[in-house]
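First up is the structure itself, then whatever we jot down about it.
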There are 2 protein chains.
Amino acid sequence: MKILVVEDESDLRDAIVSNLIGQGYICEFAEDYRQAEDKLLLYEYALVVLDIQLPGGSGFDLLRWLKKEMNNTGVLILSAFDSLDHKINGLDRGADDYLTKPFHLSELNSRINAIIRRRIYVGSSTLIFNEIELNHEYRSVTINREPVPLTKKEYDLLNYFMINKKRVLTKESIAEHLCGDDIDLANNFDFIYTHIKNLRQKITKHGGEDYIKTVYGMGYKMTDR
Amino acid sequence: MKILVVEDESDLRDAIVSNLIGQGYICEFAEDYRQAEDKLLLYEYALVVLDIQLPGGSGFDLLRWLKKEMNNTGVLILSAFDSLDHKINGLDRGADDYLTKPFHLSELNSRINAIIRRRIYVGSSTLIFNEIELNHEYRSVTINREPVPLTKKEYDLLNYFMINKKRVLTKESIAEHLCGDDIDLANNFDFIYTHIKNLRQKITKHGGEDYIKTVYGMGYKMTDR
DNA sequence: CTTCAACAACGAGAATTTTCATTAAATGAA
DNA sequence: TTCATTTAATGAAAATTCTCGTTGTTGAAG
């Protein structure tokens, strides 16, 4: 799951990109219309953060093209104008959200997370990763069709990995996801180590492969190879 | 702590109001812009549930006025339009949440609870009930100035009682408050008995009076007499 | 005043979550 | 490479939360 940031002002762009990477997203950027188009043709992105005023063309045009070519990509529009007209224009053309500059990065984050969460939960309630299946409706997990008893925290952890497969998840973001509002940011997140260990043990014990790879210094990701 | 429901469709309004009263809230309503304004000038409400399309004026206007005049009141917007623009418009102007009709009452409940919980934690961070003091900033509780070690669930439970002193709280609403979204509605709520017992024991053991009165067949309330 | 049924209190223990101390592994610098 | 440092894994135990069976209470009906 990748995010493309299309923004010509380098300071803002760098801030957004490094912030998103810090959040555990895989993040690329484009500086103008042409670059953005090229990248969008080459890779699949879950979300495009799109500035409206771009060298080489209007962000609205890119949005229209994007929505025609690939409608599985979310779009968050950035604009220097707090014009209702612009806003409606953008949202009518299929953007998922609209943010006026200047904004706080935290605001951007929460909107990005909201878009991605919305896109993820659409579709079926069953997540499948090779022999592992997770069914939200029954809150059940099976490996090779055999049920695996998981505690709530383990279930949530596995779910988080399966939603974000191939993406690196930091201890911090995992803790935030597992504990919701109850998280104590002053504390350390070492208890995640234990949950990871327990989940891995239960998966392998029930005949599953350990797809949870450690990314040293970063976090973990669930992946095949 | 009172909630004002501003909604002109009488069926929906009645449903919301009786539902909220059932939840233990003190609840009033207004049918149009003018009535809403009058009530808001007269009484203090913790939360306004606000329909956007109102006879006599737009809910957005009321929201803007409300946020200018009294910014200690939470606002949850109801709208028949699932328009992102509306949503952003509302949230930008200071609403705390936004719900599109039609919705389940349970959805409304959990959002209302969330807003109220959030608002409670803002503001003055110390709650006092005779010899018992609860300080959010340090997540600490003292009885006669002596610290009392409480677990998170006990702390949240005591907090819930102190926020709602003299009001009867049902097992169900307590469970919902303690467990947030994690609540399993199919289950029974007997574990509340244990938390009540443990909290009472800790309070009396540390020299506090047991203000948590059992209301047979109803629930519990925290009160002096 | 009894009896009954629903509700609440309680203790004990099971399950889960979290902490902690120790060991192992990975990385970058010397 | 080796060393030092940071990061991760692990087992064990502490703390917390939840379940369950038993006992006690309450209020309504007879």
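Within every chain, numbering begins at 1; the chains are lettered A, B, ... in the order of the sequence lines, protein sequences first and strands thereafter.
In this entry the distance linking NZ of B:K197 with P of C:dA9 reads 11 Å, nearest Å. At whole-Å resolution of the value, CG in A:L150 and P in C:dT17 are 10 Å apart. As a whole-Å value, the separation of A:E154 CD from C:dT16 C1' is 9 Å. Spacing between atom OH of B:Y155 and atom P of D:dT17 amounts to 14 Å, rounded to whole angstrom units. Whole-Å rounding puts the A:I196 CD1 to D:dT7 P distance at 17 Å. Atom CD1 in A:I174 sits roughly 16 Å away from atom P in D:dT7 (whole-Å rounding). The distance from atom CZ of B:F189 to atom C1' of C:dC7 is 16 Å, rounded to the nearest whole Å.
For B:K152, no side-chain nitrogen or oxygen approaches OP1 or OP2 of C:dT17 to under 4.0 Å. Side-chain N/O atoms of A:Y193 include none lying less than 4.0 angstrom from OP1 or OP2 on C:dT23. Between D:dT17 and B:H195, no contact under 4.0 Å exists linking OP1 or OP2 to a side-chain N or O. Side-chain N/O atoms of A:T151 include none lying less than 4.0 angstrom from OP1 or OP2 on C:dA15.
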Expected rows: protein N/O vs nucleotides 1-3 of chain C N/O, under 3.5 Å:
none

Mind listing the N/O atom pairs, protein and nucleotides 19-21 of chain C, below 3.5 Å?
unit_1, atom_1, unit_2, atom_2, d
C:dT19, O4, A:T194, OG1, 3.2

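Across all strands shown, A:K153 has heavy atoms under 4.0 Å from sugar-phosphate atoms exclusively, and none from any base.
By the ring pair (Phe, Tyr, Trp, His ring centres under 6.0 Å) test, A:Y220 pairs with no residue at all, sequence neighbours left out. Evaluation of the ring pair (Phe, Tyr, Trp, His ring centres under 6.0 Å) rule for B:F191 yields B:H195 as partners, not counting sequence neighbours. For A:Y211, the ring pair (Phe, Tyr, Trp, His ring centres under 6.0 Å) test picks out A:F129, with sequence neighbours left out. For B:D8, there are no side chain to side chain donor-acceptor pair (under 3.5 Å) partners at least two apart in sequence or on another chain. Partners of B:K171 by salt bridge (charged side-chain N to carboxylate O under 4.0 Å, His left out), not counting sequence neighbours: none found. When the side chain to side chain contact (heavy atoms under 4.5 Å, CB included) test is applied to B:D210, the partners found at least two apart in sequence or on another chain are B:R200, B:T204, B:I212. Partners of B:E9 by side chain to side chain donor-acceptor pair (under 3.5 Å), not counting sequence neighbours, listed by chain and number: B:K101.
Note: A:L178 CG to A:Y155 OH = 13.0 Å, rounded to the nearest 0.5 Å.
Using a 4.0 Å cut-off between charged nitrogen and carboxylate oxygen, A:K213 and A:D224 do not count as a salt-bridge pair.
Contacts between residues 199-218 of chain A and DNA chain C, defined by a heavy-atom separation below 4.0 Å, involve A:Y216, listed by number.
Note that the two end axes of the helix from C:dC1-D:dG30 to C:dA30-D:dT1 enclose an angle of 20°, each drawn from 5 base pairs, rounded to 10 degrees.
The stretch residues 141-150 of chain B participates, sequence neighbours left out, in these side chain to side chain donor-acceptor pair (under 3.5 Å) pairs: B:E133-B:R145.
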